[in-house]
Amino acid sequence: MLFQHVAIAGLAHIDAPRRLTSEEIHSRLKPTLDRLGIKYNVLEEVAGVRERRLWDGEVRASDAATLAGVKALADAGIDADRVGLLVSTSVSRDYLEPSTASIVSGNLRLPDTCQNFDVANACLAFLNGMDIASRMIERGEIDYALVVNGETADLAYEKTLERLSRDDVTEEQFRDEMATLTLGSGAAAMVLARSELAPGAPRYRGSVTRSATEWNQLCRGDLHHDRMIADGRMLLIEGLKLGQKTFAAARAALGWAVEELDEFVIHQVSKAHTQAFLKAFRIDPKKVLTIFGEHGNIGPASVPIVLSKLREGGRLKKGTRIALLGIGSGLNCSMAEVVW
């Protein structure tokens with residue numbers, strides 16, 4: 001999927017306000033950790049997550065996505081009635097139905113001509129949403145699209161900490177659910193536009209995708225128990241294999257060479273996964289802004305949040321080539337390029 005007429009007209013992120021440190025989690029789970037003989041600082045030592053962000057009060061996925069959407073539209077300098085497509089890409093969702101997109105659309109008062117729907121594909125959904133919107137823009141079907149994401153990990157923490165504090169929890173159960181304790185909350189949004197309508201704006205060149213769906217059982221979110229069960233070791237092994245295939249495709253389609261790319265925006269799961277990814281692709285760590293230490297794994301919001309923070313920090317200059325890289329449960333992998 002390569003595009004000639006797609007630009008990023010607006011970009012925004014929202015950091016959830018409340019910090020929950022790994023020290024606080026370890027303190028609450030100390031009886032379990034002592035009984036099972038698990039290292040006290042396992043979340044920091046293994047995952048590298050010192051703290052994560054949660055919302056204050058009851059904040060739904062649609063609320064968080066709406067906040068980011070308002071901010072992105074303002075950044076783009078366009079009115080809501082010009083948006084022709086809204087894609088909600090959150091793993092978190094308000095209900096099974098209606099779609100979270102319909103709620104965000106109503107909150108933003110988008111026009112009745114604006115298509116709206118959810119895209120669910122684990123941590124790749126935001127990149128998928130960008131591609132769907134870009135195809136419609138490239139064909140001239142719409143002028144502007146809004147891709148939003150709002151993640152709420154609050155309930156998952158409440159339920160998981162309650163379960164892992166029980167006297168009968170086993171070491172296997174603890175390790176299976178540890179990934180839930182690396183999750184974070186946050187929100188992001190992006191306005192994509194026909195490039196003629198946003199002269200000088202960053203260009204979205206396109207993406208490549210590959211899948212290895214025989215490994216769909218490695219990470220599963222359980223709606224009934226508000227938890228995530230993950231095999232971190234196999235996710236790392238098979239994820240890197242899939243990443244190698246996808247990078248080869250990006251090299252062929254987008255002309256990638258690691259040394260010629262200026263920034264790498266990576267979906268960040270943990271310290272171990274990020275370090276392994278950089279080593280496998282020989283990426284200079286100076287070209288990677290990491291946020292997992294302070295924000296945890298924010299799911300699909302991770303990539304756009306990092307991109308927004310790069311801009312906020314002044315690291316993106318005219319002509320900067322940015323690689324967007326994501327591997328999600330399933331397994332699926334997408335790699336895309338933005339030219340600032």
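Predicted, not measured: the structure shown is a model, and the values here were computed from it.
Counting only heavy atoms from C-beta outward, the side chains of Met335 and Phe247 approach each other to under 4.5 Å. When side chains are defined from C-beta on, Asp15 counts as touching His295, because their heavy atoms get closer than 4.5 Å. Residues Val338 and Arg205 fail the side-chain proximity criterion, which asks for heavy atoms closer than 4.5 Å. Residues Leu261 and Ile322 are not in side-chain contact: their nearest non-hydrogen atoms beyond the backbone lie 4.5 Å or more apart. Using a 4.5 Å heavy-atom cutoff, the side chains of Leu108 and Leu146 are in contact. Using a 4.5 Å heavy-atom threshold, the side chains of Val269 and Thr182 count as separate. Looking at heavy atoms from C-beta onward, Phe126 lies out of side-chain contact with Val303 at the 4.5 angstrom threshold. Side chains of Val87 and Asn128 form no contact here, defined as non-hydrogen atoms less than 4.5 Å apart.
Judged purely by atom type and a 3.5 angstrom limit, Arg35 uses its side chain to pair as donor or acceptor with the backbone of Asp167. Checked by atom type and distance alone, the side chain of Asp94 pairs as donor or acceptor with a backbone atom of Ser62 at under 3.5 Å. A distance-only check finds no donor-acceptor pair linking the side chain of Arg19 to the backbone of Arg53 [under 3.5 Å]. Side-chain atoms of Lys271 come within 3.5 Å of backbone N or O of Glu45 as a donor-acceptor pair. One N or O on the side chain of Ser90 and one on the backbone of Gly150 form a donor-acceptor pair closer than 3.5 Å. Thr170 places a side-chain N or O within donor-acceptor distance of the main-chain N or O of Gln173, the cut-off being under 3.5 Å. Listed for the Ser22 side chain is a donor-acceptor partner under 3.5 Å among the backbone atoms of Val49. Without hydrogens or angle criteria, Ser105 side chain to Ala101 main chain gives no donor-acceptor distance under 3.5 Å. Listed for the Thr213 side chain is no donor-acceptor partner under 3.5 Å among the backbone atoms of Gly330. Using a distance-only test at 3.5 Å, with no hydrogens or angles considered, a donor-acceptor pair links the side chain of Asn297 to the main chain of Gly299.
Placement of Leu67 and Leu73 in two distinct hydrophobic clusters is found when ILVMFWY residues are connected by side-chain heavy-atom separations under 4.5 Å, directly or transitively. Neither Leu183 nor Leu235 shares a network with the other; the hydrophobic side chains, linked directly or stepwise wherever heavy atoms of I, L, V, M, F, W or Y lie under 4.5 Å apart, form separate groups for each. Hydrophobic clustering, with ILVMFWY side chains joined whenever heavy atoms are under 4.5 angstrom apart, groups Leu33 together with Leu161. Clustering ILVMFWY residues whenever any of their side-chain heavy atoms sit less than 4.5 angstrom apart, transitively, puts Val288 in the very cluster that holds Trp256. Linking ILVMFWY side-chain heavy atoms closer than 4.5 Å, directly or via other members, places Ile137 and Ile8 in a single hydrophobic cluster.
Considering every non-hydrogen atom in both Leu164 and Thr32, the closest pair reads O-OG1, 2.6 Å. Annotation for Ile142 and Ala145: closest pair CD1-CB, 3.9 Å, computed over non-hydrogen atoms. Of all non-hydrogen atoms in Glu238 and Leu331, the two that sit nearest each other are CB-CD1, 3.7 Å. Considering all non-hydrogen atoms of both residues, Ala65 and Ala187 come closest at N-CB, 4.4 Å.
Of the charged side-chain nitrogens involved, none lies within less than 4.0 Å of a carboxylate oxygen, so that Arg135 and Glu138 do not count as a salt-bridged pair. The residues Glu24 and Arg28 are annotated as not salt-bridged, no charged nitrogen and carboxylate oxygen being separated by less than 4.0 angstrom. Ion pair Arg220/Asp176 not flagged as a salt bridge, since none of the NZ, NE, NH1 or NH2 atoms sits closer than 4.0 Å to an Asp/Glu carboxylate oxygen.
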Could you give me the CA-CA distance, side-chain angles and deciding distance for Gln268 and Ile291, then say whether side-chain contact (heavy atoms from CB on, under 4.5 Å) is met? CA-CA 8 Å; Gln268 297 171 30; Ile291 64 169; 3.7 Å; yes
Begin from the C-alpha positions of Leu20 and Glu51 and carry the test side-chain contact (heavy atoms from CB on, under 4.5 Å) through to its verdict. CA-CA 5 Å; Leu20 175 63; Glu51 62 183 28; over 6 Å; no
Going through the distances and angles, do Arg210 and Ser334 end up as a side chain to side chain donor-acceptor pair (under 3.5 Å)? CA-CA 7 Å; Arg210 292 293 184 271; Ser334 288; over 6 Å; no
Stepwise, does the side-chain contact (heavy atoms from CB on, under 4.5 Å) test hold for Lys279 with Arg282? CA-CA 5 Å; Lys279 182 178 179 180; Arg282 298 181 181 178; over 6 Å; no
Applying salt bridge (charged side-chain N to carboxylate O under 4.0 Å, His left out), run through Lys159 and Glu162 and close with a yes or a no. CA-CA 5 Å; Lys159 297 295 184 182; Glu162 180 182 305; 5.1 Å; no
Checking salt bridge (charged side-chain N to carboxylate O under 4.0 Å, His left out) for the pair Asp75/Arg311: CA distance, chi angles, key distance, verdict? CA-CA 12 Å; Asp75 186 55; Arg311 183 183 68 166; 2.9 Å; yes
For His267 and Leu325, run side-chain contact (heavy atoms from CB on, under 4.5 Å): C-alpha distance rounded to whole Å, both residues' side-chain angles, the deciding distance at 0.1 Å, then the answer. CA-CA 6 Å; His267 167 57; Leu325 313 176; over 6 Å; no
Checking Lys30 against Asp34 for the salt bridge (charged side-chain N to carboxylate O under 4.0 Å, His left out) test, could you report, in this order, the C-alpha distance in whole Å, the side-chain angles of both residues, the deciding distance, and whether it holds? CA-CA 6 Å; Lys30 188 176 187 303; Asp34 288 346; 2.7 Å; yes
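No side-chain donor-acceptor contact under 3.5 Å links Tyr144 and Arg194. No side-chain donor from either of Ser92 and Arg60 sits under 3.5 Å from a side-chain acceptor of the other. At a cut-off of 3.5 Å, with distance as the only test, no side-chain donor of Asn116 or Ser102 sits close to an acceptor on the other residue. Under 3.5 Å, the side chains of Asp154 and Ser185 contain a donor-acceptor pair of N or O atoms. Counting only N and O atoms by type, the side chains of Asn149 and Glu151 include a donor and acceptor under 3.5 Å apart. If you check the side chains of Thr180 and Glu177, you find no donor sitting under 3.5 Å from an acceptor.
When each of Arg321, Arg251, Arg203 is paired with Glu337, the salt bridge (charged side-chain N to carboxylate O under 4.0 Å, His left out) condition holds for Arg321 and for no other.
Every side chain to side chain contact (heavy atoms under 4.5 Å, CB included) that Arg50 has, sequence neighbours left out, goes to Glu44, Glu294.
Rounded to the nearest 0.5 angstrom, Arg315 CZ and Lys287 NZ are separated by 11.0 Å. Asn216 contributes atom CG, which lies 8.0 Å from atom CG of Leu218 (distance to the nearest 0.5 angstrom). Taking OG of Ser99 as the start and CZ of Phe117 as the end, the distance is 10.0 Å to the nearest 0.5 Å. Interatomic distance, Asp143 CG to Leu192 CG, rounded to the nearest 0.5 Å: 12.5 Å. Rounding to the nearest 0.5 Å places CH2 of Trp340 at 13.0 Å from CG of Asp262. To the nearest 0.5 angstrom, Ile298 atom CD1 is 9.0 Å from His13 atom NE2.
Atom CD of Glu58 sits in a sparse spot, with 12 or fewer heavy atoms from other residues, nucleotides or ligands closer than 6.0 Å. For Glu97, the CD atom counts as loosely surrounded, since its 6.0 Å shell holds 12 or fewer non-hydrogen atoms of other residues, nucleotides or ligands.
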